[in-house]
Amino acid sequence: MSESVVAATVGYDELATLKLVALDGGRSGPVKVSCSGLADRLGVSNQTASRRLQRLEEADFVDREVVSDGQWVTITDDGESALRREYADYQRIFETPSVVVLDGEVTGGMGEGRHYISLPGYMEQFTERLGYEPFPGTLNVRLDDDAVRSRAGMSALDAVPIDGWEDDERTFGPATCYAAVIDVDGDTYDPVHIIVPERTHHDESQLEIIAPDKLRDVLALEDGDSITVRVEEAEYE
């Protein structure tokens with residue numbers, strides 16, 4: 001389902017419903033849910049509780065199996081990611097931001113990073129705001145399942161904005177850069193930044209990393225090598 005449809009069907013009311021399913025154990029497997037019981041806890045009608053579950057299912061946040069005396073509900077990976085984003089927001093309100101640790105493996109890219117990183121509208125901002133001129137290319141990392149879930153915590157960290165811009169032919173979208181440190185077999189490298197374009201073909205399992213050097217060379221990296229990325233607060237005013 002597209003993000004535009006999800007945004008139109010899932011709001012705070014649905015997330016409150018999703019939270020109750022999670023509290024009942026819906027992250028680890030199917031839990032029995034009755035609309036009447038859910039309605040009592042939410043302070044709404046049975047019909048409203050039922051509609052919220054339907055919207056969560058339409059958004060692929062839950063899987064449901066309706067039976068004669070209720071329904072079995074399981075929270076999907078997308079639903080868990082939504083809850084983790086909410087959790088990250090509350091961490092930002094109540095807790096001191098911490099480091100987000102992401103494990104994954106080096107993977108080949110599509111070659112687009114080299115082109116876009118080199119464009120002057122981006123390169124000038126990188127140099128000014130990140131404090132270095134990045135190597136014209138990105139290191140691509142495929143995250144493991146735990147890291148995909150932990151990635152939502154990045155939203156609680158301060159980051160460096162990269163503005164969109166345009167030339168005579170087209171418009172280029174904005175991006176966000178998260179400061180990080182790379183750890184490979186005990187060797188560390190910094191500074192690096194995870195670059196997250198506003199518009200991207202990558203899903204949540206993929207990271208694109210920029211740095212002053214070609215990371216594959218300085219860290220002797222090959223496809224399939226394990227890598228740890230520690231995401232930290234970025235200093236930017």
Side-chain angles (χ1 to χ4, degrees), residues 77 81 84-85 88 97-165 170 172-236:
D77 289 343
S81 293
R84 287 186 178 275
R85 287 192 292 272
S98 59
V99 173
V100 176
V101 179
L102 305 174
D103 291 320
E105 64 177 34
V106 176
T107 184
M110 300 177 65
E112 295 181 351
R114 175 181 296 274
H115 170 67
Y116 285 103
I117 297 299
S118 301
L119 293 174
Y122 289 131
M123 186 63 78
E124 291 172 4
Q125 294 185 71
F126 293 145
T127 304
E128 177 185 352
R129 300 181 182 184
L130 304 184
Y132 61 84
E133 181 177 304
F135 170 81
T138 62
L139 178 71
N140 292 270
V141 177
R142 181 184 297 113
L143 300 177
D144 62 28
D145 291 342
D146 288 339
V148 171
R149 290 187 285 268
S150 298
R151 178 176 179 159
M154 285 171 50
S155 64
L157 300 175
D158 289 335
V160 178
I162 302 297
D163 300 327
W165 56 283
R170 58 170 293 187
F172 297 89
T176 304
C177 289
Y178 293 88
V181 177
I182 287 178
D183 189 339
V184 180
D185 294 331
D187 293 328
T188 60
Y189 180 100
D190 70 285
V192 303
H193 286 81
I194 298 168
I195 183 166
V196 182
E198 184 177 89
R199 299 190 297 267
T200 178
H201 61 271
H202 289 314
D203 60 24
E204 293 295 297
S205 69
Q206 297 287 329
L207 291 183
E208 287 187 285
I209 299 174
I210 60 176
D213 302 304
K214 185 176 181 180
L215 293 172
R216 283 180 177 268
D217 289 348
V218 297
L219 293 173
L221 293 171
E222 298 180 355
D223 287 357
D225 285 348
S226 296
I227 186 171
T228 296
V229 184
R230 300 199 314 273
V231 193
E232 304 175 335
E233 289 283 353
E235 296 183 3
Y236 175 74

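- To the nearest 0.5 Å, the span separating CD on Glu133 from CD on Glu124 amounts to 10.5 Å.
- Side chain of Arg142 to backbone of Leu207: no donor-acceptor contact under 3.5 angstrom is found.
- Ion pairing between Arg149 and Asp144 fails under the 4.0 Å rule for side-chain N and carboxylate O.
- For residues 213-227, the set of pairs meeting the side chain to side chain donor-acceptor pair (under 3.5 Å) definition, not counting sequence neighbours, comprises Tyr189-Asp213, Arg216-Asp223.
- Residues in residues 119-140 take part in these ring pair (Phe, Tyr, Trp, His ring centres under 6.0 Å) pairs, two or more places apart or across chains: Tyr122-Trp165, Tyr132-His193.
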(message) One pair to check against side chain to side chain contact (heavy atoms under 4.5 Å, CB included): Glu198 and Thr176. What are the steps and the verdict?
(response) CA-CA 8 Å; Glu198 184 177 89; Thr176 304; over 6 Å; no
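- Under a 3.5 Å cut-off, the side chain of Ser155 and the backbone N or O of Ala152 do form a donor-acceptor pair.
- In this structure, the side chains of Asp163 and Pro174 stay at 4.5 Å or more apart for every pair of heavy atoms.
- Side chains of Leu215 and Thr138 form no contact here, defined as non-hydrogen atoms less than 4.5 Å apart.
- Taking 4.5 Å as the limit, every side-chain heavy atom of Asp146 sits out of range of all side-chain heavy atoms of Val148.
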(message) Test side chain to side chain contact (heavy atoms under 4.5 Å, CB included) on Ile182 and Thr228; report intermediate values, then the result.
(response) CA-CA 6 Å; Ile182 287 178; Thr228 296; over 6 Å; no
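- Residues Glu128 and Gln125 have side chains not in contact (no heavy-atom distance under 4.5 Å, counting atoms from C-beta outward).
- In this structure, Ala175 and Ile195 approach most closely via the heavy-atom pair CB-CG1, 4.1 Å.
- Side-chain contact check for Ile194 versus Val231: some heavy-atom pair is nearer than 4.5 Å.
- For the pair Val100/Leu157, a side-chain contact is recorded, criterion being any heavy-atom separation below 4.5 Å from C-beta on.
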